[in-house]
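Take a look at the structure below.
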Amino acid sequence: MSKYWKPGSERPTPVLVDDEEGGVLFVSTSSSSSSSQLERLRQRLPVYKYRDAILYLVENHATTIIVGETGSGKTTQIPQYLKEAGWAEGGRVIACTQPRRLAVQSVASRVAEEMGVTLGEEVGYAIRFEDQTKPGLTMVKFLTDGVLIREMMDDPLLTKYSVIMVDEAHERSLSTDILLGLLKKIQRRRPDLRLIISSATIEAKSMASFFHTRKKNIRNDTIDPVPNQEPGILSVEGKGYTVEIHYVEEPVSDYLQATVETVLSIHDNEGPGDVLVFLTGQDDIEAAVKMLTDEYNHPRGRSSDLLVLPLYSGLPRSDQDLIFAPTPRGKRKVVISTNIAETSLTLEGVVYVVDSGFSKQKFYNPISDIESLVTAPISKASARQRAGRAGRLRPGKCFRLYTEEYYLKDMPSEGIPEMQRSNLVSCIIQMKALGIDNILGFDWLSSPSAEAMVRALEVLYSLGILDGDAKLTSPLGFQVAELPLEPMVSKMLLSSCEMGCSEEVVTIAAVLSVQSIWVSMRGVQKEFDEAKLRFAVAEGDHVTYLNVYKGFLKSGKSSQWCYRNFINYQAMKKVIDIREQLVRFLKRLGLTLKSCEGDLKMLRKAIISGFFAHACQLEEYSPNGMYKMLRSSQEVYIHPSSVLFRVNPKCVVYHSLVLTDKQYMRNVIAVDPAWLIEAAPHFYQIRKPNPALF
DNA sequence: GAGCACTGC
């Protein structure tokens, strides 16, 4: 029989908890407990309710780690328990982070509803462009991890929060990793602060050992009792329906063909239920959709009652919404998706999952300073997450297009954290702004390579954002840290304020912050190119964007106008939002907006002040438009999407590189080499390595 | 004449 903890009485430790839905929750105060130890405890100890276990752990442990396979939905109740138990009294706030904006909004509104309060009052949320909180009134606040990091710049110890819960920590996003490192640091100065980390079982051990500090040097004169420094672990397993896993017997040579065959076989042999297929990208997805649709048109018409839909982030919003429409009677929905359906979008009616075993992943080479996107095998954690998508409605099946032997022996158990696959300039500048001087010695959850850190420090030094002691320069370094942009874009924007063209450059900065303002349309390439020519100018893409922006404003921000001109309306709305936010930032920094009134030379000089390191020169007599980077002599080409494609000016500066079969420069402007030396003499003439950076 | 996994400030 379940026992309930009564306030005021002492709770035993360790505790074992019964899930009201019939599953069993284990609580262990030791990260090393094995499941057999837990099983023995379970027989000996009283059983407690979930709520009591949470409160027990939060009261007694500095850090609580909640593990379980993801999507248990168990974490949304926690802020309510904490609030009822008095953790939000006296102006204190309970914070809960999520890695995605949409998740913040949906969890916040669900919790507000469950608590019977108006969203934006006792329960609120904060994401970029949207602050739905009332200071003094909001007791439970949901926010993205990135917003919480920004808040630390004004309040490094996050003093207004009593408890900080970090959800989906197993995803190991860049911001989550930075946040966890910073929170561990804050804990030493704030014994009253409680952390709750929610993670998938597979990451439990690394999370627990990261937060396990044996440090006894917390001052004894603190008034607050010092909580147990060993993390308490609560395991919440057993939610969701079982998913039967099927493997192929032999490795498949063509996973597109195998995908199509598997979908058709499911359709022929399995009961009703939608199918979700995981492929790597737009190309594969469109090919698979076509193959299944051709099958549909085939005289034998095996798939005539299949509704095949593609899903990827670049798809226009209206097409994305199709996947949520109810499946017509007698039809079976087949959604062919990228990783977007692994975490960001949830399809409720899915009973069958087909997992190709691959996804596109970002990698970073600190030597060449280039990020690339490559198709690579997924991890076991990812494979489990994909399979789990089949068990939300009722028991489901997952068909893996790889062998069981491969899964067991060769598939890596966890993916490489984003921190170790990224360019670190933004990360480093945020840490510097928070006063963390020793970046190389920082206590990271997973340390990035020394090469990557040194490379980031070098880039920031060359931009004048860090000085010779690797400290933020004033005012430039501090201003760059304030701006929510890539540091090179920030530098460009701040320089433009001095050069009298900030009105234009703030628009360019906003456009460079969104994926692409063009609509990708295959099959209507000619019309698309013609539309683009209406805006194109010889100076390059950045100046072309100014024309698009002007046209969009002149049309009254019309979606019809965008449609006619092959421009992505959603992206343009985002450009407007970002531009407004940047203007507010600039005003707060005391900088003025000024137009250069068509002085495109000045405009390009401002761009160079941020991007001088991305300068390339056309190889003489090169028949195919080959460029070489001035600094590293790497071979690069102008991307066919650029307005300067085939124009091939002698000297160009690019915004970013995309690596496919060639290295392509995206967003390119033509420049005069003399401007480069003028803007960055330290970079192109005197090349002296700075010993303080090493 | 080729291509853009996914987030976030």
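Treat the numbers as computed from the prediction; the structure is a model and nothing was measured. Only heavy atoms go into these numbers, but all of them, side chains included; no hydrogens, no water, no symmetry mates. Order of the sequence lines fixes the chain letters, A, B, ..., with proteins taken first and strands second; residue numbering starts at 1 for each chain.
Residue contacts for A:I340: at a heavy-atom cut-off of 4.0 Å it reaches the sugar-phosphate backbone alone, with no base atom in range. Among the heavy atoms of the strands lying under 4.0 Å from A:R150 is at least one base atom, whether or not backbone atoms are also near. Among the heavy atoms of the strands lying under 4.0 Å from A:T338 are primed sugar atoms or P, OP1, OP2 only; no base atom is included. Among the protein residues, A:D529 comes within range of the nucleic acid bases, having at least one heavy atom under 4.0 Å from a base atom. Using a 4.0 Å heavy-atom distance criterion, A:S313 is classed as a sugar-phosphate-only contact. Using a 4.0 Å heavy-atom cutoff across all strands shown, A:Q515 reaches at least one base atom of the nucleic acid. Residue A:S175 is classed as having no contact, given no heavy-atom separation below 4.0 Å to the nucleic acid. Among the atoms of the strands shown, none is found under 4.0 Å from any heavy atom of A:K662.
An OP1 or OP2 oxygen of B:dG3 is reached within less than 4.0 angstrom by no side-chain nitrogen or oxygen of A:R666.
More than 12 heavy atoms of other residues, nucleotides or ligands sit less than 6.0 Å from atom NZ of A:K184.
The listed nucleotides are B:dA5, B:dC9, B:dC6; the one nearest the side chain of A:V147 is B:dC9.
Aromatic pair A:F358/A:Y255: centroids less than 6.0 angstrom apart. If you look at A:H655 and A:F611, their ring centroids are closer than 6.0 Å.
As a whole-Å value, the separation of A:N648 CG from B:dA2 P is 14 Å.
Geometrically, A:K380 engages A:Y407 in a cation-pi contact, judged by NZ or CZ lying under 6.0 Å from the ring centre and within 45° of the ring axis.
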